Amino acid sequence: MEIEKSYNPKEAEETHYERWEKNGCFAPEINENPDAVPFSIVIPPPNVTGSLHMGHALQHTIMDVLARWKRMQGFKTLWLPGTDHAGISTQLQVTKKLLKEEKKTRWDLGREEFTNRVWDWKKQYGGEITRQIRREGASVDWSRERFTMDKSLSKAVREVFCTLYEQGWIYRGKRIVNWCPKDKTVLSDLEVKEETRKDGKLVYLQYPIRNSTRKLTVATTRPETMLGDSAVAVNPKDERYADLIGEMIVLPLTNREIPIVADEYVDAEFGTGAVKITPAHDPNDYELGLRHNLPQIVVMNDDATMNLAAGSEFNGLDRYVAREKVIEKFDELGLLEKIDEYEISLPCCERCKTVLEPILSEQWFVKMDEMRDFALDLMKAENSPRFSPEVPHTKVYTNWLENLKDWTISRQLWWGHQIPAWYDDLGNVFVARTFEEAKANAQNINLTQDEDVLDTWFSSGLWAFSTFGWNGEVIETDDLNDFCPTDVLVTGRDIIFLWVSRMVMMTKKFVDKKPFKDVIITGTVLDKNGQRMSKTKGNGVDPLDVFEKYGVDATRLTLAGSSTGADFRWRDENVEQNRNFANKIWNATRFCLLNSEGAKVDHSSLLLDDSASIADKWIISRLNKTAINVNKELGKYQFHTAVNLLYHFFWDDFCDWYIELVKDEMSSSVWSDETGQMEPVAISEQQIKARTRILTILEIALRMLHPFMPFLTEELWLKLPNTSSKLHHEAYKNASQTIMLTSFPLGDLSAIDEKAEAEMQAVIELISKVRNIRAEMSIKPSERLSLHVSADGDLQKVFADNEARILKIARASNLNLSETLNAPKASAKAALSRGAELAIPLEGLIDFDKERTRLENQVAKLEVEGSRLSGQLSNEGFVAKAPPEKVVELRERLIEIETQTNALNLNLEALN
RNA sequence: AGCCGAUUAGCUCAACUUGGCAGAGCGUCUGUUUUACACGCAGAAAGUUAAAGGUUCAAAUCCUUUAUCGGCUACCA
C-alpha cells in the first residue's frame, strides 16, 4: 500500500465531511435502534452574516466532541445548527454598505426596500458561516438547520409576544431607556458597555432663588440637561438647606421656576448636597420626579441634538455644542462657580461605541417578576441548569437574577421581528397574531403596525424549543419530545444573562420544560499577550488560517486540550505540537500498514491466552485503562484531561514502547550482518498474530481519538485492513462504513492487568537505566553493550522472557542474569527497583571519575527523598493519624531507597 | 464601590473539586540520520507553587491578610 511519509490534512478534510453529510451520518435518523436514548445539543446561533472566530471554534469543538462521543455510544444524537438574524449588527452592516455604495440611508429606501436589501445580503453572505462550520468538521444535522426569522420561528415569536401581552407580562410604557443617538434605537441594559473617561468634567452651576439673593449650587457632568430641569433636590436632613425646602429656583436660561424638594435619594456628603433634577433624562431623576410629581421635559431629539423645548437658542444644537454653550452662558451671567476635573464612566453602545443618552421614551417591556422566579426556583430547587464549571457561574447567575429589572424589548430597527401591535387613529393598541385578527378586534381597517422590531434576544430566547417546531399552533412534535430538554449547552460567559437565563425562562413558560440540563461555560481565547481578541485591536487569530496551516484536527485538539472553562492565551506553538501528534498517529499507522501483510483488524486477537507476552498484556491493560478514564473525564466535561490521556497513551505507551518492543516480531525483513542490509523473511503465524494485534489496538485507539480528530482518524481507519460497517455500533449496522459510527471504546475493567503493568515497568526501568548510562558515559550509539543484571527469581524470569526485546532496544549484545551481581570493576552500575542491580562492563571505556560522580549524584538524589520519608515516618503524629496504607506505602518506599542507596554505596567503594 | 477569578520551571499551562513524591508541551543543553515519523529518537538541566500568617501528622491544594493582574455587576450630582 502506498502511504505518504507525512500527514497532509487537506485531502482528508475535503473528502470526508461531504461524504458523512451526504450519507446522513449527522442526522439522528441514522440510528436504527428504536429504543435509542436521545442526546441533543442546539448550537448557539452565530450571526447570520458573521464569520467564524476562535471562540466559535472552541465551543464547536467541544460540542462536536460530545456529539461524536455520544453518537458512537449509540445515542440517537442530534446537534442542531442555525443562525441568528442579529438585528442591530446585521442592519448596521447593510447600512454601511448602502452608504458607501449608493450614498443612501435606510430612510431613502423605505422600510420594505431596505429589508429586502437585508434579505439579499443574508442570501449572499449567510452561507459563509455555515461553510465555516462545515470546515470545522462539526457533525451538525444540516437537514434541521434553522434561522431565527424562518416562518415557523417567526410565528413562535408572535405567539409568545401575544401570550405574554395577554397575560400582562408584556407592557408598553414610558421609561428612561438607554438611547443610542447613532443607531437611533433603544438598547437593553445588557447591551450597554461602560467606558471610563479620565477627562470628564464636573461643572458647578449656581441657581438663583426667587425673592432672595441666595443661590444654590448644583454640580453636573451634563450641563446641557439643565435645560430640562424641573426641580432641585436636597436631603431632608441637610441643615444647610432646611429653610430652602419649598422655595422656588429661577432656572437660568429658561425663565422657568422650579421647586426645591427634599428627598432621601440625595447624598448630603457628595458635591454640594444639592442635585438638579431632570426627570426626562436621568433614571434616578425620573424616579424622584415621579415621587414629587414633577414635569418631564424632554429637551433632546433622537439624534442627541437639542429640541425646541430646550429653548430657541439651543434648538438643533448637538448635545456637546449645547453643553459648551450652557457653560458659556452661565459664565457670562456670573453663575459658573467652578469646573473640576472628574473621572467618569459613560454608558456606551456595545456595537457602535457612541455615548448613550438616557432618555424618556415609550417602549415595550417584559415584566420580569414571574420570569425571574422561574429561573430562580429551578436553580434553588434543582440546581438547574448545572453549570460547568459550577464556580463561579451558578452564583453569578443567581445574583444577577435576584437584581433583575424589566427587559426593554422594542428596538427602533427595521431588521427583525416587527412587533405584532397595531394602532388605530386614536392611538388605541391592538396586539394580535395577525393583521386580520387585529382588524377584527379593532373593528377598524385603518390600523398601522408598530414600527419597532423585537430585541434579537427575544427570538433567541425561544431557540431551545422553536427550533424543534413549536410555534404556538404546532405545540407538539417528535423532535420536541425527543430532544428537548437538550442535554448540554456550550457557550461563553458573556451571554449567560443575555441568552442562557432567558431560554430557561421562556422554555419553562411555553413548553414547561428545561431548555438544557447542563451548561458548559468555555473560557475566552486570548491573544499571546493575554489580551482579548477583538476586531478593533486587530489581534484576532482567524481559525481558518490556523486550519490552513496546521490542519483542522490539530486545531481542534489544541482547543479541546485547553483547560476546561479557563481563559488561555493562543500560541501557534501549541497547535504545532498537535500537528506533530497528528503526524505521529499517521506514521504509527503507516508503520503498522507497511507490516500488515496477512493481518487484519480482528477484535478477538485481544482476548489474550497464556502465550501472550508481557508487552501484549501491558499494552492491552493500558489501552483499557485509558478508555475507562477517557470516558470518565468526558463525562465530567474534563476535555483537557481526556486529551492528555489519549496523547500520552498513544505517543508514550503505544509508539515509544509497544511499537519498539514488537517491531522485530512484525517486520517482514530483518537486518542481516552477512549482507549488511535488510533481508526479507517468510511471514510466520506468530508474526501474523502480532500484526493483527497491533492493528486492532491501533483501530481502537483511532476510535478514541475520533471525536477530537475526526478527519485524520477517518482517513486512517479506512486504510486499515478489514475495516467495514461490520465494526459499526449495533445502532448503525446498515450505514456505509465510517469510523464515526463505530462504537466508542468503553474499556474493560477485567482487561486491566496490574501485574503485567508492574512487570513491564521493570523492563522499562532497566532499559531506561541502560540508556542513561550510555548517554552519561558518552558511549557511542553503535557500541553493543553487555548487560549484567542481578535480580530475584521472579524478576529474572521477567527479564529473561523479554531478553530479545531488551537487547534490541538497549542495543546490547547479551544479558547475563544472576542472583547476585557479577561484573568486573570497570563497569558502570545502577540500582533498580525491587533490589535489582545493573552493571555494564566498560573495559577501556569507563572514566572512573565520571562514574563516581554519576553514582554520587544518584545517591544524593535518593538521600533527599529518603530523609524526607524517614522524617515523616519518625513523626509520631503521622504514623498515628495518617491512613495506614499510606504509612505502609512510605515504609516500603523507604526500604527501596535504602536498598538502592546501599547498593550504590558498595559500588562506589568498589571504585576506590 | 461590591462580587468573582488568576498568580506554579525561561515561556504557555496541568495538578486544587476530594490535602499525601508538583507534571506536560515549547524552549535550553548533550547525543543521534537505528529499516513509521528530524513534525523523529535517546538522555539531561530547570521549582522556596506571588508574599505573610493560620489550620493539620501532612498544604500548590483548606482558612485569613496583603500585593499585582484580569473579569463581572452597580453607582456616579
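Please read all numbers here as calculations on a predicted model, not as lab measurements. Every chain is numbered from 1, with letters handed out A, B, ... down the list of sequences.
Distance CG (A/Leu720) to C1' (B/A36): 14 Å, rounded to an integer number of Å. If you measure from atom CZ of A/Arg811 to atom C1' of B/G31, you get 12 Å, rounded to the nearest angstrom. Spacing between atom CZ of A/Arg532 and atom P of B/G70 amounts to 12 Å, rounded to whole angstrom units. As a whole-Å value, the separation of A/Arg571 CZ from B/A24 P is 17 Å. B/G47 atom P lies 13 Å from atom NZ of A/Lys861, rounded to whole Å. As a whole-Å value, the separation of A/Glu576 CD from B/A38 C1' is 13 Å. One atom, NZ of A/Lys636, and another, P of B/U18, lie 12 Å apart when rounded to the nearest Å. In this structure, the CG atom of A/Asn8 is 22 Å from the P atom of B/A36, given to the nearest Å.
Comparing the same atom, C1', in B/A22 and in B/A46 gives a spacing of 14 Å after rounding to whole Å. B/A6 and B/A15 are spaced 11 Å apart, taking the P atom of each and rounding to whole Å. When the P atom is used for both B/U65 and B/C3, the distance is 11 Å, rounded to whole Å. With both ends at atom C1', the span from B/U8 to B/A60 equals 7 Å, rounded to whole Å. Comparing the C1' positions of B/A9 and B/G23 gives an interatomic distance of 10 Å, to the nearest angstrom. For the C1' atoms, the distance from B/U56 to B/G25 is 35 Å, rounded to whole Å. B/A42 and B/G5 have their P atoms separated by 41 Å, given to the nearest Å. For the P atom pair drawn from B/G70 and B/C75, the interatomic distance equals 24 Å after rounding to whole Å.
Between B/G40 and A/Asn580, a contact under 4.0 Å exists linking OP1 or OP2 to a side-chain N or O. Taking side-chain N and O atoms only, A/Arg569 has a distance below 4.0 Å to OP1 or OP2 of B/U12. Dashed line: the shortest gap from a side-chain N or O of A/Trp651 to OP1 or OP2 of B/C41 is under 4.0 Å. Proximity of A/Ser563 to the phosphate of B/A14: a side-chain N or O atom is located under 4.0 Å from OP1 or OP2. Distances shown here put a side-chain N or O of A/His640 below 4.0 Å from the OP1 or OP2 atom of B/A15. Taking side-chain N and O atoms only, A/Lys5 has no distance below 4.0 Å to OP1 or OP2 of B/U35.
Residues A/Asp656 and A/Gln638 both approach RNA chain B. Their nearest nucleotides, taken by heavy-atom distance, put A/Gln638 toward the 5′ side. Two residues, A/Lys808 and A/Tyr342, neighbour RNA chain B, and the one matched to the more 5' nucleotide by heavy-atom proximity is A/Lys808.
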Quick one: which protein N/O atoms are closer than 3.5 Å to N/O atoms of nucleotides 2-5 of chain B? Pair and distance per line, please.
unit_1: B/C4; atom_1: OP1; unit_2: A/Lys395; atom_2: NZ; d: 3.3

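Every residue two or more places apart in sequence or in another chain was checked for a side chain to side chain donor-acceptor pair (under 3.5 Å) with A/Glu350, and none qualifies. Looking at residues two or more places apart in sequence or on another chain, you find no side chain to side chain donor-acceptor pair (under 3.5 Å) involving A/Thr626. Legend: residues meeting ring-ring contact (aromatic ring centres under 6.0 Å, His included) with A/Trp586, ordered by chain and number and at least two apart, are A/Tyr7. Remark: A/Phe654 pairs with A/Phe650 by the ring-ring contact (aromatic ring centres under 6.0 Å, His included) rule, at least two apart or across chains. Under the ring-ring contact (aromatic ring centres under 6.0 Å, His included) criterion, A/Tyr397 pairs with A/Phe387, sequence neighbours left out. Residues passing the ring-ring contact (aromatic ring centres under 6.0 Å, His included) test with A/Trp657: none are found, sequence neighbours excluded. Scanning for side-chain contact (heavy atoms from CB on, under 4.5 Å) contacts around A/Pro236 gives A/Ala262, A/Glu264, with sequence neighbours left out. By the side chain to side chain donor-acceptor pair (under 3.5 Å) test, A/Asn772 pairs with no residue at all, sequence neighbours left out. Evaluation of the side chain to side chain donor-acceptor pair (under 3.5 Å) rule for A/Asp263 yields A/Arg291, A/His292 as partners, not counting sequence neighbours.
Contacts of A/Lys276 with the nucleic acid, taken as non-hydrogen atoms under 4.0 Å apart, are absent. Contacts of A/Gln872 with the nucleic acid, taken as non-hydrogen atoms under 4.0 Å apart, include base atoms. Using a 4.0 Å heavy-atom distance criterion, A/Ala588 is classed as a base contact. Counting any heavy atom pair closer than 4.0 Å across all strands shown, A/Cys655 reaches a base atom. When heavy atoms are screened at a 4.0 angstrom cut-off, A/Pro883 is found touching base atoms of the nucleic acid. Across all strands shown, A/Glu876 has no heavy atoms under 4.0 Å from either base or sugar-phosphate atoms.
Ionic pairing of A/Lys395 and A/Glu390 is not present here: no N-O contact between side-chain nitrogen and carboxylate oxygen is shorter than 4.0 angstrom. At a threshold of 4.0 Å, the pair A/Arg893-A/Glu896 does not count as salt-bridged, since none of the basic side-chain nitrogens sits closer than that to a carboxylate oxygen. Using a 4.0 Å cut-off between charged nitrogen and carboxylate oxygen, A/Lys861 and A/Glu865 do not count as a salt-bridge pair. A salt bridge does not link A/Lys537 with A/Asp527: every distance from a Lys NZ or Arg NE/NH1/NH2 to an Asp or Glu carboxylate oxygen is 4.0 Å or more. Under a 4.0 Å N-O distance rule, the pair A/Asp567/A/Arg493 qualifies as a salt bridge.
Candidate nucleotides B/C75, B/A36, B/G20 were compared by shortest atom distance to the side chain of A/Lys886, and B/G20 ranks first. Nearest nucleotide to the A/Asp267 side chain, out of B/C26, B/A77, B/G25: B/A77. Nearest nucleotide to the A/Leu594 side chain, out of B/A77, B/A36, B/G20: B/A36. For A/Thr221, counting side-chain heavy atoms from C-beta on, the closest listed nucleotide (B/C75, B/U32, B/A77) is B/A77. Of the candidates B/A77, B/G20, B/C37, the closest approach to any side-chain atom of A/Tyr265 belongs to B/A77. In the set B/A77, B/G20, B/U32, the nucleotide with an atom closest to the side chain of A/Pro781 is B/U32. Taking only side-chain atoms of A/Ile659, from C-beta outward, the nucleotide of B/A77, B/A36, B/C39 with the closest atom is B/A36. Checked against B/C37, B/C21, B/A77, the side chain of A/Arg590 finds its nearest nucleotide in B/C37.
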So what is the 5' to 3' dot-bracket string for RNA chain B, if pairs are Watson-Crick or G-U wobble with both distances under 3.5 Å, crossing pairs use [ ] and | means the partner sits on another strand?
(((((((..((((......[..)))).(((((.......))))).....(((((..]....))))))))))))....
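With respect to A/Tyr241, the side chain to side chain contact (heavy atoms under 4.5 Å, CB included) criterion is satisfied by exactly one of A/Val266, A/Ile260, A/Val234: A/Val234.
Sorted by residue number, the members of residues 764-780 of chain A with any non-hydrogen atom under 4.0 Å from RNA chain B read A/Arg771, A/Asn772, A/Ala775, A/Glu776.
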